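Notes to accompany the following structure.
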2 protein chains.
Amino acid sequence: MHSTAEENYIKAIYKLSGAGVSAVSTTALSEMLETKPASVSDMLRKLSAKDLVHYVKYHGVQLTQEGQRVALKIIRKHRLWEVFLVQKLHFTWDEVHDVAEQMEHVKSELLTQRLDEFLGHPRVDPHGDPIPTEAGELPEVEQRALATLAIDQKGVVCRVKDTQPAFLQYLNRMGIQIGSQLQVVDKIAYDNSLEINIDKNKSVILSSDVLEKIFVINP
Amino acid sequence: MHSTAEENYIKAIYKLSGAGVSAVSTTALSEMLETKPASVSDMLRKLSAKDLVHYVKYHGVQLTQEGQRVALKIIRKHRLWEVFLVQKLHFTWDEVHDVAEQMEHVKSELLTQRLDEFLGHPRVDPHGDPIPTEAGELPEVEQRALATLAIDQKGVVCRVKDTQPAFLQYLNRMGIQIGSQLQVVDKIAYDNSLEINIDKNKSVILSSDVLEKIFVINP
DNA sequence: ATAAAAGTTTAGGGAAGTCTAAATGTTTTT
DNA sequence: AAAAACATTTAGACTTCCCTAAACTTTTAT
């Protein structure tokens, strides 16, 4: 089996390997994992020896097929536990991340399987992130950042791409959650912020930072 | 916070501190934890420095008040997760121990509280072991080992004191579970085994080893 | 094109937790 | 009451994962 540390590296590499990223840098990993680059180099050598990553010194790292399989398993567990915490234990979406971060490392195939069943095979977690299937598929739904909507366009919130409590609590205060109906009221050109109407009710100004983290469907 | 290793030592010391035990020996701990006595000595020094145990070299170890508090918290979490696994995820009682052993180390007060609530504040786990309350009380119910019953006496199984899968699977095959109605049919004097009737149905011979691990009420 | 800046790796070391082997303390036996 | 047996601790070492400092490679800027 893999250690918790190894699993955290694999997950971090996976998350930093977005579309069009050929290799993940040591520095990027050290930032995400809050360690020093020297520690990352160490671990990459180790993961490479286990054939979990393709690692070329000074040129970054990529997951192997096996590495991807492992990453998706961890992410599947993390997101299933998040669903459990919110739906069954009534956690709020800003409380789940740290706890799920611990639970995702519990080793038991049976547990994951049964949890999935118990929750009714959910497709997304409380932040709208898709849950990898048992077979290791990660079905992505068509969606766009709120920032890409033009004036008067509408969208329904289906995902938020930042799990930090501070961000999620900010959305709580704005009254934005998964399923919220948003409409662009106005564009403030000089800083790319938008005035957004929420659920045909109050309107708020959202900074471009925030607009990039909220995803909607029905454009 | 305490490390997983520390928590496991504390739990082991607690479990070995039965009634009338003044101090737990290094060897006993090393056996329960499957480590070498030398490693135990090391850790006891460390736990002593943290005031979790009273440790006198060459004379064994006891939990401090704080140590006991920590032990009961871990045991509470372990047993609550066992209930969850059996009642909600349909694990059998021989499948839960190893998984609960991992989950008990997840750190979150809120999680434990909410889990307890979700399960309806259960009083015992699937093996009949009482669950410590949030306040750190461990309510023990009156009960006696099956070995202490005389011929013709009846009892209802309320607890089994061995969580090894092999033992529990043996009970499964005998048809013995929590709630089973047992009656002593005969005593085989030479090896202290008993012939036991199960649920007014079939009868089986149970060795004295097994008889010491099954507890009943209504004597 | 090359020097400076930025990024990465290596070398050496520390904490946690484990081990073996040797030394020391305690208990039992005779 | 000493010897033998047993239990425990200490000493030194290993692994994992992290660190700092120094060396090295790649990228950027002039």
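Note that the structure is predicted; figures quoted are calculated from it, not measured.
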Electrostatic pair A:E109:A:K77 at N-O distance under 4.0 angstrom: no

Answer yes or no: does a side-chain N or O of A:K57 lie under 4.0 Å from OP1 or OP2 of C:dT10? yes

Looking at A:Y9, I'd like to know whether one of its side-chain N or O atoms comes within less than 4.0 Å of OP1 or OP2 on D:dT16. no

Quick one: label B:A38 by what it contacts on the DNA or RNA (base, sugar-phosphate, nothing), any heavy atom closer than 4.0 Å. base

What is the distance, rounded to the nearest whole Å, between atom CG of B:L33 and atom P of C:dC19? 10 Å

Indicate, with a heavy-atom threshold strictly under 4.0 Å, whether B:S39 touches base, sugar-phosphate, or nothing. base

Would one find a side-chain N or O of A:Y58 under 4.0 angstrom from OP1 or OP2 of C:dT10? no

Reckon B:S41 touches a base, only the sugar-phosphate, or nothing at all at heavy-atom distances under 4.0 Å? base

Between OG of B:S39 and CG of B:L44, what distance do you get to the nearest 0.5 Å? 10.5 Å

From CZ of A:R45 across to C1' of C:dA11 the rounded distance in Å is 11 Å

Check this for me, if you would: do A:D116 and A:R76 make a salt bridge, where the nitrogen-to-carboxylate-oxygen distance has to be below 4.0 angstrom? yes

Whole angstroms only, please: what is the NZ-P distance between A:K36 and D:dA22? 16 Å

Whether B:K88 engages the ring of A:F84 as a cation-pi pair (distance to the six-membered ring centre under 6.0 angstrom, angle to the ring normal within 45°) should be assessed. no

Of A:H59 and A:A5, the one whose nearest nucleotide on DNA chain D sits closer to the 5' end is A:A5

When rounded to whole Å, the OH to C1' distance for the pair A:Y55 and D:dT25 reads 12 Å

Is the shortest side-chain N/O distance from A:T26 to OP1 or OP2 of C:dG7 below 4.0 Å? no

